[in-house]
Protein chains: 2
Amino acid sequence: MSQLNNHSLRITKQRQIILDELCGVTSHPTADVLYQMVRKRLPKISLGTVYRNLEIMSECGIIQKLDIGGTQKRFDAAAHVHYHVRCNQCGRVDDLDLPPDFNVEKAAGQLTSFKILRHRLEFTGICPECQT
Amino acid sequence: MSQLNNHSLRITKQRQIILDELCGVTSHPTADVLYQMVRKRLPKISLGTVYRNLEIMSECGIIQKLDIGGTQKRFDAAAHVHYHVRCNQCGRVDDLDLPPDFNVEKAAGQLTSFKILRHRLEFTGICPECQT
DNA sequence: TTTGGTGCAAAGGCTTTGCAGAAAG
DNA sequence: CTTTCTGCAAAGCCTTTGCACCAAA
């Protein structure tokens, strides 16, 4: 568990359980799915608290907030960078680790049992105008 | 311009101008930005109409609806598959054409004047369970 | 105490949709 | 005429936020 910002973060039961549940799955749940999971252990928790804490924890680098398309964001306890496969039909998102140097199509086909239909590569960074 | 579904699509002034404006830019405007552009030529058009037609046109394959992260979807008149660079600061999205075989970091750095900070590769397809 | 967190509910941002009137075929 | 489309406004969905109370340090 990494360290925090300037202000001290308390380890509350809510936070602990949210993180715990997220760590306990290999899927990449949306906030509301995680909320349902957490509610089994903490029935009175609010969805707002789940969102708040997921946001905070991702800012601290404890978890990752995935913005990989679809209408809802997904969350991931794995801190390292990796790729994903999404199912067009059910929306399921699985991990996919790729070597730094690879042939996209080939590598993906070998590493997952998904039937790959498309892929999308997106870079993020600072555009020329914002660099100045 | 490709062909349509079972039901006949009419070529209305609204549709024509929306497509025209989208074709006229190399950026990947969000629906509301496109709405502003279109409004200069068609002041009474509604945002709903813009959304509706963008959706229809992307279903027909005339344009592409990009779901590449960020809160808003973006639209692109280019039908061919390609990649994108997004600016973390202003949200600007540029095209990036990559050869089928490439070294991700190197290729990207050479092809854009963005300062690349991260990249993300996402595959989509059908998961094992949905395949059966 | 003081500071930060929670639950609740309301508000926000983007997108979709129902409907009655308008327009194209 | 019939069918599709439009503008408008309302509703929907996901997420964020203000606030009063609560809890940890």
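The sequence lines fix the lettering, A, B, ..., with proteins before strands; numbering per chain opens at 1.
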Exercise. Report which part of the nucleic acid B/Asp32 touches: base, sugar-phosphate, or nothing (heavy-atom distance under 4.0 Å, all strands).
Key: nothing

Quiz item: Could you give the CD1-to-C1' distance, from A/Ile18 to C/dG5, as a whole number of Å?
Solution: 11 Å

Exercise. Nearest whole angstrom, please: distance from the P of C/dT16 to the CD1 of B/Ile56.
Key: 11 Å

Exercise. With the side chain counted from C-beta on, respond yes when B/Ile45 and B/Arg39 share a heavy-atom pair under 4.5 Å apart, and no when they do not.
Key: yes

Quiz item: When all nucleic acid strands are considered with a 4.0 Å heavy-atom cut-off, which category describes B/Lys65: base, sugar-phosphate, or nothing?
Solution: sugar-phosphate

Practice problem: Name the closest nucleotide to the B/Leu9 side chain, picking from D/dT16, C/dT16, D/dC5. | Solution: D/dC5

Practice problem: Would you kindly give the CD-to-C1' distance between B/Gln16 and D/dT6, to the nearest whole Å? | Solution: 16 Å

Quiz item: Counting only N and O atoms by type, is there a donor-acceptor contact under 3.5 Å from the side chain of B/Asn53 to the main-chain atoms of B/Thr49?
Solution: yes

Practice problem: Using atom CD1 of B/Ile11 as one end and atom P of C/dA23 as the other, report the distance to the nearest whole Å. | Solution: 18 Å

Quiz item: For B/Arg10, does its backbone N or O pair with a side-chain atom of B/Arg15 as donor and acceptor, under 3.5 Å?
Solution: yes

Exercise. Give a yes or no on whether a donor-acceptor pair under 3.5 Å exists between the nucleobase atoms of C/dG4, that is its base, and the side chain of A/Arg15.
Key: no

Self-check item: Donor-acceptor pair (no angle test) under 3.5 Å: A/Arg52 side chain, C/dG7 base
Solution: yes

Practice problem: Looking only at side-chain atoms of A/Ser46, point me to the closest of C/dC8, D/dC14, D/dC5. | Solution: C/dC8

Self-check item: Distance in Å, A/Asp67 CG paired with A/Lys73 NZ, rounded so as to fall on 0.5 Å steps
Solution: 4.0 Å

Quiz item: Given D/dT6, is OP1 or OP2 found less than 4.0 Å from the side-chain N or O atoms of B/Thr12?
Solution: yes

Quiz item: A/Tyr51 has an atom OH; how far is it from atom P of C/dA9, in whole Å?
Solution: 17 Å

Exercise. Using modelled atom types only, decide if a donor and an acceptor are shared between the side chain of A/Asp76 and the backbone of A/His28 within a distance under 3.5 Å.
Key: no

Practice problem: Could you tell me the separation between the CG atom of A/Asn53 and the P atom of D/dT15, rounded to a whole number of Å? | Solution: 15 Å

Quiz item: In whole angstroms, how far is the P atom of C/dG5 from the CD atom of A/Gln14?
Solution: 11 Å

Quiz prompt | Positions of residues 34-45 of chain B (non-hydrogen atom under 4.0 Å from DNA chain D), listed by number | solution = B/Lys44, B/Ile45

Quiz item: Can you name the closest pair of heavy atoms from B/Ser58 and B/Gln64 and give their distance?
Solution: CB-C, 4.4 Å

Exercise. Look at A/Arg41 together with A/Asp20 and state whether they make a salt bridge at an N to O cut-off of under 4.0 Å.
Key: yes

Exercise. Give the rounded distance in Å between these two atoms: CG of A/Leu47 and C1' of C/dA11.
Key: 15 Å

